[in-house]
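One structure is given here, and the rest of the page talks about it.
Computed from a predicted structure; not experimentally measured. Below, read A as the first sequence line, B as the second, and so on, with proteins coming before strands; counting in each chain starts at 1.
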Amino acid sequence: MPELPEVETVKRQLEKRIVGKRISSIKILSKKQFLGNFQKTIGQQIDRLWRRAKILAINVGRLTLLVHLKMTGQIIYLSKNRKPISVGHPLPFSPNQLPNKTTRVIIELEDGSRLFFNDLRKFGWIKLLDGDKIEKELSGLGPEPLEKDFSLDYFSKKLANTRRMIKIVLMDQAVVAGIGNIYASEILFEAGINPARQANSLSNREVANLYRAIKKILLQAIDYGGTSAADQAYIRPDASPGRYQNKLRVYQREGKECFGCFGKVKRIKQANRSTFFCSSCQQ
DNA sequence: CGGAGTGTTAGTCG
DNA sequence: CCGACTAACACTCC
């Protein structure tokens, strides 16, 4: 789930609570998932949070913590009075039961609040990097879809250049950064384009529609605080991981009625991943 | 019980 | 360049 809108939500929620605070300790429970010497961060102040693609970045003095939640990562903020905010994979948790068995890293701040990095499947990671190492880490990523350098001109050239299926291209982080399996399906439905179409077969008009759909869907999803896994009705009062799952129009709606016609939503496999679409609304 | 499927991505091979 | 496949891992569902 943690695609661009989810990570952006994590960033916005977290920065309000942790910027300006110093790190007092880091506990690493899963060694493979933390790269770098964590001791360099002790006593350092958190200056700024930012996001690049699906990666959350936390500036700590001269260093930066990069966090990738991959499939099942989750970040939970627990203040001293135990009010949690969490975004990421919505595994149920009780603030009274943290750390839990999926907790991989615990970052403790000077005011007694804590960040829990939970990750069921252990694909996610935290990397402590400085200077050009950061640039190197992020160098393979294409433009941010909501920033200026992602222009219609750039996008059409990229699409014209490849015969790959359009859904695969949308998820290619080197073409445009931050779109994953959920939003790729949603964006293509919004644009009325069949996910199996070859990218270079799209007309100018279709490319323009797709370009608009990318921005529209991502902005909308951020507005809703991202998507909790569609098959898990996990909503917390003050730790709400997002409400966009109620807005999904095709993702995980196989066999259900299309919102655009009387047909049914279909599911196919592309590159071994599920794609959801309406074969009549998306040509 | 076994096997498939799950939000990601890096890598290899042909 | 590109598609197919695999590997990281843990758990649920059928």
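For the pair A/S274/A/R267, a side-chain contact is recorded, criterion being any heavy-atom separation below 4.5 Å from C-beta on. You'll find the side chain of A/I106 reaches within 4.5 Å of the side chain of A/L29, heavy atoms only.
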Show each protein N/O and nucleotides 7-14 of chain C N/O combination with a separation under 3.5 Å, one pair to a line.
unit_1: C/dC9; atom_1: OP1; unit_2: A/K32; atom_2: NZ; d: 3.0
unit_1: C/dC9; atom_1: O4'; unit_2: A/R121; atom_2: O; d: 3.1
unit_1: C/dC9; atom_1: O2; unit_2: A/R121; atom_2: NE; d: 2.8
unit_1: C/dC9; atom_1: N3; unit_2: A/R121; atom_2: NH2; d: 3.2
unit_1: C/dA10; atom_1: OP1; unit_2: A/K122; atom_2: NZ; d: 3.0
unit_1: C/dA10; atom_1: N1; unit_2: A/R121; atom_2: NE; d: 3.4

Distances under 3.5 Å between protein N/O atoms and the N/O atoms of nucleotides 1-5 of chain C, please, pair by pair.
unit_1: C/dC2; atom_1: OP1; unit_2: A/T162; atom_2: OG1; d: 2.8

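Going from the P atom of B/dT9 to that of C/dC11 covers 23 Å, rounded to whole Å. Comparing the same atom, P, in B/dA4 and in C/dC5 gives a spacing of 14 Å after rounding to whole Å. The gap from the P atom of B/dG3 to that of C/dT6 amounts to 15 Å, rounded to the nearest Å.
Ring geometry for A/Y224 against A/Y244 counts as perpendicular: the plane angle is over 60°, on a 0 to 90° scale with 30° as the lower cut. Using cut-offs of 30° and 60° on the angle between ring planes, the pair A/Y251 and A/F276 is perpendicular.
Atoms CG and OG1, on A/D119 and A/T103 in that order, are 10.5 Å from each other to the nearest 0.5 Å.
Salt-bridge formation is detected for the pair A/E8/A/R12: a Lys NZ or Arg NE/NH1/NH2 atom is positioned less than 4.0 Å from an Asp or Glu carboxylate oxygen. Salt-bridge annotation for A/E206 and A/R197: present, with a side-chain N of the basic residue lying under 4.0 Å from a carboxylate O of the acidic one. Salt bridge status for A/D153 with A/K157: present, with a side-chain N to carboxylate O gap under 4.0 Å. A salt bridge links A/R52 to A/E144: at least one charged side-chain nitrogen sits closer than 4.0 Å to a carboxylate oxygen.
In the set B/dT6, B/dG7, B/dT9, B/dG7 carries the atom at the smallest distance from any side-chain atom of A/N181.
Within the 4.0 Å cut-off from OP1 or OP2 of B/dG7, not a single side-chain nitrogen or oxygen of A/Y183 is found. Within the structure, a side-chain polar atom (N or O) of A/S274 is placed less than 4.0 Å from OP1 or OP2 of B/dT6.
For the side chain to side chain donor-acceptor pair (under 3.5 Å) with A/N181, the qualifying choice from A/E186, A/Q270, A/E3, A/K167 is A/K167, the only one to do so.
Both key distances under 3.5 Å define a Watson-Crick or G-U pair, and stretches of 3 or more such consecutive pairs in DNA chain B run B:2-6 with C:10-14, B:8-14 with C:2-8.
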